[in-house]
Amino acid sequence: MTPPSPLRLRIDLGALAANWRWFRARSGVDTGAAAKADGYGLGARAVAERLHAEGCRSVYVSNWREAQALACRPSDMRVRVLHGVDAADLPAALSVNAQPVLGSHEQIALWRAHGGGRPCDIMIDTGMNRLGLDWRGFSADLLSGLDVDIVHSHLACADEPAHPLNAVQRDRFAAIAAALPGARAALASSAGVCLGTDYAFSHVRPGIGLYGGVPGPAAAGHIRQVVYPEARVLQLRDVPAGDSVGYGATWTARRDSRIAVLNVGYADGYLRTFSNRGAARVEGVAAPVVGRISMDLVAIDVTDTPCPAAGDWVGLDYDLETAAAQSGLSQYELLTSLGARYERVYL
Ligand SMILES: *Cc1c(COP(=O)(O)O)cnc(C)c1O
């Protein structure tokens with residue numbers, strides 16, 4: 001018998017779907033979903049199935065292992081592999097129902113020779129200097145013999161709306177998209193969608209915003225929280241004024257305090273930066289984290305909250321925008337560092 005999990009992620013798939021609909025409405029074009037890193041830590045399969053029900057037909061992963069993990073998705077959901085394909089991937093690539101986003105001359109040559117005429121996407125680098133064919137030398141002839149579905153590029157600074165590189169990349173990309181009238185074109189991630197419809201082209205690839213991240217000012221007030229980490233109370237203690245809590249004795253009780261010890265720690269992605277900064281909620285009332293986060297344990301001050309009992313579930317404050325400001329971590333890191341010990345509970 002499997003013992004019960006002492007910590008869980010409640011994942012609000014209704015909020016995920018609402019966030020996806022916001023990106024579709026805002027962009028006005030066909031909308032996919034980035035679901036790499038196992039759906040940013042939420043479970044790529046559940047994400048893909050829920051968004052399929054909303055009308056999403058493209059899901060992005062990084063590599064062929066992630067593509068394979070999505071093999072049981074609805075059959076008309078296209079899985080697109082952002083890192084493309086190399087010789088070692090080929091057997092998997094030809095057996096899994098997914099298509100590569102080709103990003104180099106070598107990858108193009110490989111797919112032309114061995115892809116069996118299957119569709120592919122293309123990534124063009126327009127100034128980020130990460131993945132993709134350099135925009136400078138690009139000509140449509142490079143793609144002859146390929147069945148190109150979507151031509152992509154990716155913005156380096158979309159989260160800074162005033163950054164001049166945004167418009168520069170858009171204009172470079174527009175010229176390339178115009179040279180490929182048979183393919184669809186996609187430039188925008190979540191933050192790119194926020195920049196406006198002149199960044200939307202014919203398809204968009206939001207990720208973080210689907211999962212509750214606020215990618216830009218335009219999204220403020222429109223994105224719903226999706227992920228709620230919760231842990232069980234292991235123990236309650238009375239800590240007299242003057243005593244300290246946790247490693248390094250970094251917190252000292254100024255009054256007689258009631259402390260609850262929770263079954264979650266930095267090994268679960270609740271990183272040490274939340275020491276003396278984070279908070280949990282007991283029946284809606286904030287209970288601040290006191291002392292340093294341990295590998296598997298956190299102490300919270302419940303002196304002023306309704307008193308939980310050992311075994312009760314307590315939610316950690318994990319609104320991504322607030323938690324990012326509190327911790328200095330990015331909203332992406334906050335999601336993808338959540339460890340493997342959570343039981344995922346989909347709502
Ligand atoms: C991860 C990724 C996205 C999604 O980005 P978000 O910032 O999470 O919206 C879109 N496109 C590419 C190429 C990516 O790697």
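The figures that follow rest on heavy atoms only: side chains count, while hydrogens, waters and symmetry mates do not. In this text the structure is predicted, and so the values were computed from the model without any measurement. Order of appearance sets the numbers: ligands from 1, and atoms from 1 within every ligand.
- Under the 4.0 Å criterion applied to side-chain N and carboxylate O atoms, Arg232 and Asp312 are not assigned as salt-bridge partners.
- Residue contacts with ligand 1, taken as heavy atom pairs separated by less than 4.0 Å, involve Arg205 via backbone and side-chain atoms alike.
- Remark: distances from the non-hydrogen atoms of Gln331 to ligand 1 are all 4.0 Å or more.
- Looking only at heavy atoms of the protein, atom 5 (O) of ligand 1 is closest to Ser189 CB, 3.3 Å.
- When heavy-atom distances to ligand 1 are checked against a 4.0 Å cut-off, Arg130 comes that close only through its side chain, counted from C-beta outward.
- Neither side chain, Asp89 nor His83, offers a donor N or O lying under 3.5 Å from an acceptor on the other.
- Summary of contacts: the protein heavy atom closest to atom 7 (O) of ligand 1 is Tyr332 OH, 2.6 Å.
- For ligand 1 and Pro206, the ligand atoms under 4.0 Å from any heavy atom of the residue are 9 (O).
- Classification of the Tyr60-His203 ring pair by plane angle, with boundaries at 30° and 60°, yields tilted.
- A salt bridge does not link Asp319 to Arg224: none of the charged nitrogens lies less than 4.0 Å from a carboxylate oxygen.
- Relative to the ring axis of Tyr247, Arg292 does not place its NZ or CZ within 45° and under 6.0 Å from the centre.
- Side-chain N or O atoms of Asn19 include one that pairs as donor or acceptor with a backbone N or O of Leu210 at under 3.5 Å.
- Only the side chain of Lys36 comes within contact range of ligand 1, with a heavy atom under 4.0 Å; no backbone atom does.
- In Ser190, the parts holding a heavy atom less than 4.0 Å from any atom of ligand 1 are both the side chain and the backbone.
- Ligand 1 lies out of reach of Tyr211, whose nearest heavy atom is not under 4.0 Å from it.
- Side chain of Tyr270 to backbone of Ile293: no donor-acceptor contact under 3.5 angstrom is found.
- Inclusion of Gly207 in the set of residues having an N or O under 3.5 Å from an N or O of ligand 1 is warranted.
- Neither the backbone nor the side chain of Tyr60 comes within contact range of ligand 1; no heavy atom lies under 4.0 Å.
- Nearest protein heavy-atom contact of atom 8 (O) of ligand 1 is Tyr40 OH, 2.5 Å.
- A cation-pi arrangement is absent between Arg8 and Tyr342, since the terminal nitrogen or guanidinium carbon is not both under 6.0 Å from the aromatic centre and inside a 45° cone about the axis.
- Close N/O approach between Ala191 and ligand 1 is not found [any backbone or side-chain N/O within under 3.5 Å].
- Ring geometry for Phe173 versus Phe201: interplanar angle over 60°, hence perpendicular rather than tilted (30 to 60°).
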